[in-house]
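Written below as structure tokens is the structure these notes are about.
Atom set for the values below is all heavy atoms of this structure, side chains included, hydrogens, waters and symmetry mates excluded. Proteins get letters first, then strands, A, B, ... in listed order; numbering begins at 1 in each.
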Number of protein chains: 2
Amino acid sequence: MLLVERGQEPYAGRWALPGGFLLPEESAETAARRELAEETGLADVTDLHLEQLRTYSEPDRDPRMRVVSVAFAALLPDPPAPHGGGDASQARWVPYDAAVDLAFDHDRILADARRRVGAKLEYTCLATAFCPAEFTLGELQQVYETVWGTALDRPNFRRKVLATPGFVEAVPGAARLTGGRGKPAALYRAGPATTLHPPLLRAPREGRPA
Amino acid sequence: MLLVERGQEPYAGRWALPGGFLLPEESAETAARRELAEETGLADVTDLHLEQLRTYSEPDRDPRMRVVSVAFAALLPDPPAPHGGGDASQARWVPYDAAVDLAFDHDRILADARRRVGAKLEYTCLATAFCPAEFTLGELQQVYETVWGTALDRPNFRRKVLATPGFVEAVPGAARLTGGRGKPAALYRAGPATTLHPPLLRAPREGRPA
DNA sequence: TCAAAAGTGTTTGGCCTACACCCATGG
DNA sequence: CCATGGGTGTAGGCCAAACACTTTTGA
């Protein structure tokens with residue numbers, strides 16, 4: 001999770017989700033993309049998937065004034081070192097479990113984001129957005145295992161992914177070592193499909209025991 | 001679909017989704033609930049499910065000025081006759097397929113709503129929100145068939161619903177005739193569950209043919 | 001007595017879990 | 001030659017699609 005440390009009141013010194021205000025001629029997504037570019041220093045955020053989560057509009061969520069926030073989630077496979085700046089004194093990447101006690105209602109927003117992304121992994125091809133342009137099936141599986149917090153059976157995962165048309169496309173002849181050791185893994189690219197039919201269900205080991 | 005006919009420019013005389021502006025101390029959901037109550041004349045919209053769809057913030061979506069809209073979907077089993085009023089000259093219920101050529105970007109919003117509701121039927125218990133407090137399984141099945149536009153096998157649908165714990169609860173001893181003829185159907189209430197595991201998949205007759 | 005709708009039973013096939021096994025590479 | 005990760009094969013079991021059948025009502 002990309003967090004910024006607040007430099008001003010309210011919540012000075014607390015960590016928060018990065019964000020900012022819309023410019024007069026911006027849509028919320030354009031503004032989110034701009035803020036992300038500023039915070040990460042990434043040059044090409046144009047083809048990055050931005051998932052609109054939901055809008056938070058409770059009148060008292062910011063003690064200074066009424067602020068309506070449209071929350072987005074972006075998924076970066078290789079996060080660069082973040083830049084501080086603006087009203088944030090510094091920025092850093094933090095594991096999900098360590099991102100607690102945030103400013104404003106950002107704990108809730110982050111929890112909503114986690115649940116939404118976890119659910120979308122089941123029935124969309126979103127997982128490839130966490131991977132670099134070319135990735136191994138082991139890396140793709142780790143995305144699921146990390147977000148869901150469960151272990152998946154490798155052979156079955158592999159079959160299910162390859163059986164879904166348009167989910168991934170093989171990069172012919174390419175292979176790469178992943179963990180340093182072991183057999184080099186074949187490389188894949190994200191395919192044209194966006195939804196998974198049938199879905200990739202969670203908790204395969206949580207069925208009724210034999 | 002509840003539509004209102006616009007009485008003012010822009011788009012005077014065109015049909016549009018009902019809506020309005022936030023009051024100073026309202027959240028978007030509170031405002032949506034208030035607008036819905038005004039438009040339908042319903043007294044108790046407090047325990048009605050309001051699903052936040054997404055926020056539309058393109059700068060030019062309203063020619064008069066910049067308007068950011070937070071779209072919600074409400075599901076009414078027995079819609080009452082709507083009230084006109086406000087800047088709408090009249091209001092009416094319209095079948096989904098007839099709700100075309102709406103004002104602003106409301107065609108897109110309506111299409112987003114349809115897709116979202118259809119998807120949520122698969123993995124949540126949302127369908128009961130379309131039914132009255134006590135309903136038959138045939139009525140519940142019609143919700144799925146209407147939104148998805150597909151036919152479902154009645155015995156299998158019945159088993160799947162009853163096999164999902166907390167989806168529906170039998171009303172003991174109660175029965176009601178549905179189509180005028182036929183055997184009276186047992187009545188059910190919505191259960192405490194909110195998500196379906198495993199999901200109720202669409203398109204059972206669209207698998208690879210034998 | 002027929003039509004229509006609810007509800008039950010049963011077969012069959014497909015999918016999917018679980019696990020065993022081979023392959024390739026680095027140390 | 002062993003540990004590690006990639007990849008293939010397969011048997012068993014569960015589940016669900018498909019459809020036949022019974023039940024109960026109104027006309």
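- To the nearest angstrom, P of D/dG5 lies 12 Å from CD of A/Gln141.
- Rounded to a whole Å, the NZ atom of A/Lys183 is 18 Å from the C1' atom of D/dC2.
- A/Pro155 comes within 4.0 angstrom of a nucleotide base, judged by non-hydrogen atoms across all strands.
- Atoms CZ (B/Arg154) and C1' (D/dC19) sit 12 Å apart, rounded to a whole Å.
- Per the geometry, CG belonging to A/Leu140 stands 18 Å off P belonging to D/dG5, to the nearest Å.
- Taking atom CZ of residue B/Phe157 and atom C1' of nucleotide D/dA17, one finds them 15 Å apart after rounding to whole Å.
- Using a 4.5 Å heavy-atom cutoff, the side chains of B/Lys120 and B/Val117 are not in contact.
- The distance between atom CD of A/Gln142 and atom C1' of D/dG6, rounded to the nearest whole Å, is 13 Å.
- Atom CG of A/Asn156 is separated from atom C1' of D/dG9 by 12 Å (rounded to the nearest Å).
- Judged by atom type and distance alone, A/Arg159 reaches the base of D/dG9 through a side-chain donor-acceptor pair under 3.5 Å.
- Judged by distance alone with a 3.5 Å cut-off, no donor-acceptor contact links the side chain of B/Asp153 to the base of D/dA16.
- The local environment of CZ in A/Arg92 is sparse, with at most 12 non-hydrogen atoms from other residues, nucleotides or ligands closer than 6.0 Å.
- Judged by atom type and distance alone, B/Arg158 does not reach the base of C/dA6 through any side-chain donor-acceptor pair under 3.5 Å.
- When rounded to the nearest whole Å, the span between CG of A/Leu152 and P of C/dC16 equals 14 Å.
- Distances from the side chain of A/Lys160 to the nucleotides D/dG6, C/dT25, C/dT17 place C/dT17 closest.
- Under 3.5 Å, the side chains of A/Thr124 and A/Thr195 contain no donor-acceptor pair of N or O atoms.
- A/Ser69 and A/Arg61 are linked by a side-chain donor-acceptor pair at a separation below 3.5 angstrom, with hydrogens and angles left out of the test.
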